[in-house]
Amino acid sequence: MVKIQEGVIKFHAEHRKAPLQDAEIPSLVRALNAWRDILTDLRLIGQDPKRYDGAGFGNLSVRLPPYERRRGARPFLVTGTQTGGRPVLEVADYAVVESYDVLLNTVRSRGSILPSSESMTHATIFDLSMDIRAVVHVHSPVIWRAAEALGLPTTAPHVDYGTPEMAHEVSRLHRETNLRRTRVLSMAGHEDGIIAFGDTLEDAAQAMLATLARALQVMRT
């Protein structure tokens, strides 16, 4: 077991470095890249030396069939760590998270690259419901600043991204707030961090775009 110290990954990574050869992955990568292009054009995903100390930001994921019912072991395909600034992603820029354990702060994965630093949070969201099949995480100053006005469920300010505490916060929001309806949440302790999820990748991305439109209306009134 290796604890990643550099970069932005905060979980213990049990990663098997090997090319992804699953038959369904190329088509899923094409779908993810199509929405990623749109989100990048809107500067919701990317890399900017003037933002976040120059770190890449934003990631997407989709569940992998067959759709395992057991919590903690629902495999998904996710963008690799620090790929936000790459203009085009290949299969090698994605990883498969096979399982995770919040109590042990461990994510088990495979691929040519380590999974996104937000993989623990993505996994927790997939565990909320068998119907959730996609997660989109972006950085949007507009939505983040308008979160209260929009009534978005919001994690506690002291909780950092990619941690077991964030996983617990997401689960709490699902139990105690209107997150099931909004499908979008704000991360108060993660500057500009916004997450959306849905039954499909299109549902998740559309929820994010609709929230952005509402936030722009709020900011312009």
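All residue numbers in this chain count up from 1 along the given sequence.
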Working to the nearest 0.5 angstrom, can you tell me the gap between [X] [atom1] and [Y] [atom2]?
X	Y	atom1	atom2	answer
Met208	Ile38	CE	CD1	13.0 Å
Leu42	Leu209	CG	CG	6.5 Å
Thr163	His190	OG1	NE2	10.5 Å
Leu150	Thr182	CG	OG1	10.0 Å
His168	Leu173	NE2	CG	13.0 Å
Tyr161	Met166	OH	CE	10.5 Å

Under a single-linkage definition using a 4.5 Å side-chain heavy-atom cutoff for Ile, Leu, Val, Met, Phe, Trp and Tyr, are [X] and [Y] assigned to the same hydrophobic cluster?
X	Y	answer
Val107	Ile113	no
Leu32	Leu44	yes
Phe76	Tyr67	no
Val97	Ile132	yes
Leu20	Val78	no

Looking only at heavy atoms, what is the nearest atom pair of [X] and [Y], with distance?
X	Y	result
Trp144	Met187	NE1-O, 2.8 Å
Arg51	Pro141	NH2-CD, 3.7 Å
Val138	Val136	CG1-CG1, 3.8 Å
Ala215	Ile143	CB-CA, 3.8 Å
Leu114	Ala95	C-CB, 4.2 Å
Ile9	Pro115	CD1-O, 3.7 Å

Quick one: side-chain contact (heavy atoms from CB on, under 4.5 Å) partners of [X], sequence neighbours excluded?
X	answer
Thr124	Tyr100, Val102, Ala167, Val170, Ser171
Ala156	His158, Val159, Glu169
Met219	Val142, Arg145, Ala146

Under the salt bridge (Lys or Arg N to Asp or Glu O under 4.0 Å) rule, what pairs show up with a residue in [range], not counting sequence neighbours?
range	result
residues 203-221	none
residues 176-192	Arg172-Glu176
residues 110-125	Asp22-Arg110, Glu98-Arg110

Is there a side-chain contact between Thr155 and Ser186 in this structure, where contact means two heavy atoms from C-beta onward sitting under 4.5 Å apart?
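With C-beta onward as the side chain, the pair stays apart.
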Between Ile194 and Leu185, is there a side-chain heavy-atom distance shorter than 4.5 Å?
no
Evaluate side-chain contact (heavy atoms from CB on, under 4.5 Å) for Thr211 paired with Leu152, printing each intermediate quantity in order.
CA-CA 9 Å; Thr211 303; Leu152 294 183; 4.1 Å; yes
Look at atom CZ of Arg69 and say whether more than 12 heavy atoms of other residues, nucleotides or ligands are closer to it than 6.0 Å.
no
Inspect the surroundings of CD in Glu24 and state if more than 12 heavy atoms from other residues, nucleotides or ligands are less than 6.0 Å away.
yes
Examine distances only and state if a side-chain atom of [X] and a backbone atom of [Y] form a donor-acceptor pair shorter than 3.5 Å.
X	Y	result
Asp101	Leu103	yes
Glu90	Ala92	no
Arg74	Phe126	yes

Would you please test Arg133 and Val62 for side-chain contact (heavy atoms from CB on, under 4.5 Å) and show each step?
CA-CA 6 Å; Arg133 300 287 172 85; Val62 290; over 6 Å; no
Residues two or more places apart in sequence or in another chain: which of them pass side-chain hydrogen bond (donor to acceptor under 3.5 Å, both in side chains) with [X]?
X	value
Thr79	none
His122	Asn59, Ser61
Thr154	none
His15	Ser109

Run the side-chain contact (heavy atoms from CB on, under 4.5 Å) check on Leu201 and Leu60 step by step: do they pass?
CA-CA 9 Å; Leu201 180 57; Leu60 305 88; 4.3 Å; yes
Stepwise, does the side-chain contact (heavy atoms from CB on, under 4.5 Å) test hold for Ile125 with His174?
CA-CA 9 Å; Ile125 292 172; His174 193 252; over 6 Å; no
Linking Ile, Leu, Val, Met, Phe, Trp and Tyr through side-chain heavy atoms less than 4.5 Å apart, which residues share a cluster with Tyr52?
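For the cluster that includes Tyr52, the remaining residues are Phe57.
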Pairs touching residues 32-48 that satisfy side-chain hydrogen bond (donor to acceptor under 3.5 Å, both in side chains), sequence neighbours left out
Asn33-Tyr94, Arg43-Asp48
